[in-house]
Amino acid sequence: MDVDPEQTYPIVGVLNRGRGLLYRESVAASSTSYKKLNRIGPRVLVYSRLKAFEGAITVTPDDLPESFASQEFPTFAFASDADPDFFRILATTQRMWDALQDASKGMGGRRERVKPADFLNIVMDIPPLRVQKRIVEVIGAVDDQIAALDTESEALEGILDSLRSDLPETDHQPISDVLLGIDNGKSVQAAGEATAEDEYRILKSSAVQRGWFKPSEAKTLTEDATFSLSHVVKNGDLLITRANTPERVGFVAIAKNVPDGTVLNDMMWRLRVDESRVSTDYFEHALSSRELRTRISGTSGGTSKSMVTINKRGFGAVRVPVPPLPEQGEYVRRCGAVVGGITAIRAEEARLRKVRAGLLSGLLDRTIDIESADLEV
């Protein structure tokens, strides 16, 4: 459709790995160079031509309000023998992502695209409609369990946020006074998602959440590089994102379950804590509190709204409460009790996701007869 220069358009994109829509801010037609936009309706299949090779495909929600996207996001309605809910599930599978990868054409990287004609030529074994609906029913039951666990985890995370923000009442000192040093990361070329077979991997910024570490968030290194010991991440390292979006800059987490050969990227620092004065566990929770997060992010700067950085001088000047070690330990124990609950829920959620993946694979391969099997999870 043609863009009306007098209108404002709510814009959506598509997340990778079948994770659904990305809801962006509305855009005034006068502020965009687009002359045409695609109208994105409910219960249609949509993918990103540019990011299809990363699995950027989904089926839109039933209740999607009027939305628009650039012409890089083609949409497809479903025939009468295709269940949109089934294809929404299919979009979350490795087989769909592999098919899109194989269909990608171009010079590599950001130039790769999947044209609509090539997408429609993808061949997949699609079961009859009655089987599609039964698969939706079975996988939906598992998804409901995962969603319930996610809700429970979010509730506990709210409690943890309150506990972290209940900082000890004591004198505040500059962060630089309780650090032995700050190590920089390494800038190197990286490729796709890291696997267990990779000898070396480099952390993505998303590996450091607010008080949580995700070792799986890493990319494969694509060049031979020489690393010093300061670039290698070890269990127990306290990491911080020094450059990120305004909402994510200054996230702090202790590295855990780190695979060998994991390297710190140049968007992060390692904080070397003076353990005679401050415990690393205390710093992880305290620096993740609302108050100190605000102070740290307040030192950031940059010319881009989408990327800001903190510098060592500004970060080191942030004042933090430094109570005696026994009082730090009590604060950590309160926070840690809730962390244990969240960790247990996340482990169960991860188990269910593995069950879901195996179950869905069997259903799609027809190695599980869904019409006669008694399925339990």
Side-chain angles (χ1 to χ4, degrees), residues 13-24 48 50-51 53-58 92 94 97 109-110 146 150 153-154 157 160-161 164 183-196 198 200-222 231-271 283-285 287-288 293 296-297 300 302 304-310 315 339 342-343 345-347 349-350 353:
V14 181
L15 296 167
N16 66 0
R17 301 179 72 81
R19 293 181 296 137
L21 292 179
L22 171 65
Y23 296 91
R24 305 181 185 276
S48 167
L50 184 62
K51 291 292 187 179
F53 72 100
E54 294 184 352
I57 184 171
T58 192
T92 67
Q94 188 67 50
W97 308 335
R110 295 185 62 83
I146 292 173
D150 192 51
S153 176
E154 287 182 358
E157 286 171 9
L160 177 60
D161 185 50
R164 282 174 168 165
D183 297 328
N184 297 318
K186 179 80 173 179
S187 176
V188 295
Q189 293 296 317
E193 301 294 317
T195 68
D198 293 322
Y200 290 104
R201 66 190 65 214
I202 189 162
L203 291 177
K204 297 192 293 185
S205 295
S206 53
V208 177
Q209 307 287 325
R210 185 182 168 195
W212 296 96
F213 181 72
K214 299 180 69 175
S216 61
E217 292 292 306
K219 288 192 172 184
T220 303
L221 296 185
T222 58
H231 295 139
V232 178
V233 181
K234 304 177 294 297
N235 288 323
D237 285 347
L238 184 63
L239 308 180
I240 182 171
T241 55
R242 71 163 190 86
N244 213 311
T245 62
E247 297 78 19
R248 295 181 54 82
V249 71
F251 276 6
V252 176
I254 296 175
K256 298 175 182 177
N257 302 315
V258 183
D260 293 339
T262 298
V263 177
L264 190 68
N265 77 34
D266 67 332
M267 311 289 271
M268 300 177 180
W269 291 328
R270 176 194 292 106
L271 305 179
F283 241 26
E284 179 189 46
H285 290 300
L287 297 184
S288 297
R293 274 275 305 126
I296 292 170
S297 62
S300 65
S304 171
K305 292 182 179 180
S306 61
M307 179 66 69
V308 296
T309 62
I310 55 178
F315 173 71
V339 168
I342 296 172
T343 301
I345 291 171
R346 288 183 174 180
E349 186 175 339
R353 290 189 185 279

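The chain is numbered in sequence order, starting from 1.
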Q: Could you grab the distance from atom CD1 of Ile342 to atom CD of Glu154, nearest 0.5 Å is fine?
A: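 Answer rounded to 0.5 Å: 10.5 Å.
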
**Q.** Leu239 side, atom CG; Leu264 side, atom CG - distance, nearest 0.5 Å
**A.**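 These two atoms lie 6.0 Å from each other.
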
Is there a side-chain contact between [X] and [Y] in this structure, where contact means two heavy atoms from C-beta onward sitting under 4.5 Å apart?
| X | Y | result |
| --- | --- | --- |
| Asn16 | Phe53 | no |
| Glu54 | Arg17 | no |
| Leu15 | Thr58 | no |
| Ile240 | Ile310 | yes |

Q) Under a 4.0 Å N-O cut-off, is there an ion pair linking Glu284 with Arg164? A)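 Looking at Glu284 and Arg164, the cut-off is not met.
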
Q: Evaluate side chain to side chain contact (heavy atoms under 4.5 Å, CB included) for Phe213 paired with Asn235, printing each intermediate quantity in order.
A: CA-CA 11 Å; Phe213 181 72; Asn235 288 323; over 6 Å; no

Under 3.5 Å, side chain of [X] to main-chain N/O of [Y], donor-acceptor pair present?
| X | Y | answer |
| --- | --- | --- |
| Asn265 | Met268 | yes |
| Arg242 | Asn184 | no |
| Arg270 | Val232 | yes |
| Asp237 | Lys234 | yes |

Q: Identify the heavy atoms of Ser205 and Met267 that sit nearest to each other, and give their distance.
A: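 Residues Ser205 and Met267, closest heavy atoms: OG-CB, 3.6 Å.
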
Q) How far apart are the closest heavy atoms of Gly18 and Thr92, and which atoms are they? A)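 Scanning both residues, the minimum pair turns out to be O-CG2, 3.5 Å.
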
(Q) Please evaluate residues Leu21 and Val14 with respect to the criterion side chain to side chain contact (heavy atoms under 4.5 Å, CB included), reporting the C-alpha separation (whole Å), side-chain torsions for both, the decisive distance (0.1 Å), and the verdict. (A) CA-CA 5 Å; Leu21 292 179; Val14 181; 4.3 Å; yes

Validation: residues 246-260 side-chain donor-acceptor distances under 3.5 Å, sequence neighbours left out:
unit_1, atom_1, unit_2, atom_2, d
Glu247, OE1, Thr245, OG1, 3.4
Arg248, NH2, Val208, O, 3.4

Q | From CA spacing to verdict: side chain to side chain contact (heavy atoms under 4.5 Å, CB included), Leu203, Thr262 | A | CA-CA 7 Å; Leu203 291 177; Thr262 298; 3.6 Å; yes

Q | Residues that Trp97 engages under ring pair (Phe, Tyr, Trp, His ring centres under 6.0 Å), provided they are two or more places apart | A |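 Trp97 satisfies ring pair (Phe, Tyr, Trp, His ring centres under 6.0 Å) with no residue once adjacent residues are dropped.
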
Q) Got a sec: does the OH of Tyr200 have more than 12 other heavy atoms crowding it under 6.0 Å? A)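 At most 12 heavy atoms, drawn from other residues, nucleotides or ligands, come within 6.0 Å of this atom.
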
side-chain hydrogen bond (donor to acceptor under 3.5 Å, both in side chains) partners of [X], counting only residues at least two apart:
| X | answer |
| --- | --- |
| Glu349 | Arg353 |
| Ser206 | Glu217 |
| Asp161 | Arg210, Arg290 |
| Ser297 | none |

Q.
Before you tell me yes or no, could you show the steps for Lys219 and Arg201 under side chain to side chain contact (heavy atoms under 4.5 Å, CB included), namely the whole-Å CA-CA distance, both residues' side-chain angles and the distance that decides it to 0.1 Å?
A. CA-CA 5 Å; Lys219 288 192 172 184; Arg201 66 190 65 214; over 6 Å; no

